[in-house]
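Reading through the structure tokens given below for one structure.
In listed order, ligands and their atoms are each counted from 1.
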Amino acid sequence: MKFFIDTANLDQIREAYALGILDGVTTNPSLMAKEGIKGNEAVLQHYRNICEIVEGDISAEVLGTDFNTIIEEGKVLAALHPNIVVKVPMIKDGVKAIKWFTDNGIKTNCTLIFSAGQAILAAKAGATYVSPFIGRIDDSGWDGMQLISQISSIYAIQGFKSQILAASIRNANHIIDCAEAGAHVITSPLDPILGLLKHPLTDIGLAKFLEDAKKM
Ligand code: E4P
């Protein structure tokens, strides 16, 4: 399972990359706004900066919602760096645009996936990644992990090539459950990734080893 970090914060991207386990980055307009990135040129430069830090797929989201605007924006984003993946929303023109990008050799991430039907359409259009938002599904009283399992079964039965990119991760257990449910990729903020490190018995065991080492 690949690990992407879900942030536009360059320090957190550097920290995760330094761990040696990072395979890529996802961003969205909310994450860019949180970092105070304003204006088209600043946004494009921020994507370039991320591409310089991480060797791996970097999702950059289009803002257009009609086919022509999505294509024009996506071409500009894809031209920034070979590792850019154009992130396109799950809407009718988005599906058409994903098919166009696929036919023209541009990688895509179909975002805002909340149902198996949407995941099937995105795969049919040839999306490189499909992003089910498990935390937001959990927040609304449904079971996000059940959707990951369902998409995983459908893709295996049908031989779809799209990779399931589990998004909207809220905690370390989400990452473990995604691995079990068949996600190909998780994208997570830094804290849930670091949460995987933690176990009190590791801390207690290490303290004892270090204490006993003084007797050696
Ligand atoms: C990633 O591609 C998504 O935009 C992101 O995971 C959404 O996460 P959130 O539900 O925490 O905003």
Inter- and intrachain pairs under ring-ring contact (aromatic ring centres under 6.0 Å, His included), touching residues 133-169, at least two apart: Phe114-Phe133, Tyr155-Phe160
Residue among Asp177, Asp139, Asp138 satisfying salt bridge (Lys or Arg N to Asp or Glu O under 4.0 Å) with Arg170: Asp139
Glu211 and Lys208 ion-paired at < 4.0 Å: no
Arg48/Glu41 ion pair, N-O < 4.0 Å: yes
Once you restrict both partners to nitrogen or oxygen, which atoms of ligand 1 have a protein partner under 3.5 Å, and how far apart are they?
from, atom 1, to, atom 2, distance (Å)
ligand 1, 2 (O), Lys87, NZ, 2.7
ligand 1, 4 (O), Asn28, ND2, 2.7
ligand 1, 4 (O), Lys87, NZ, 3.2
ligand 1, 6 (O), Asp6, OD2, 2.6
ligand 1, 6 (O), Ser168, N, 2.8
ligand 1, 10 (O), Arg136, NE, 2.7
ligand 1, 10 (O), Ser168, OG, 2.7
ligand 1, 10 (O), Arg170, NH1, 3.4
ligand 1, 11 (O), Arg170, NH1, 2.8
ligand 1, 12 (O), Arg136, NH2, 2.8

Closest heavy-atom pair and its distance - Thr27, Ala60: OG1-CA, 4.2 Å
Validation row, ring centre Phe4 to ring centre Tyr129 under 6.0 Å: yes
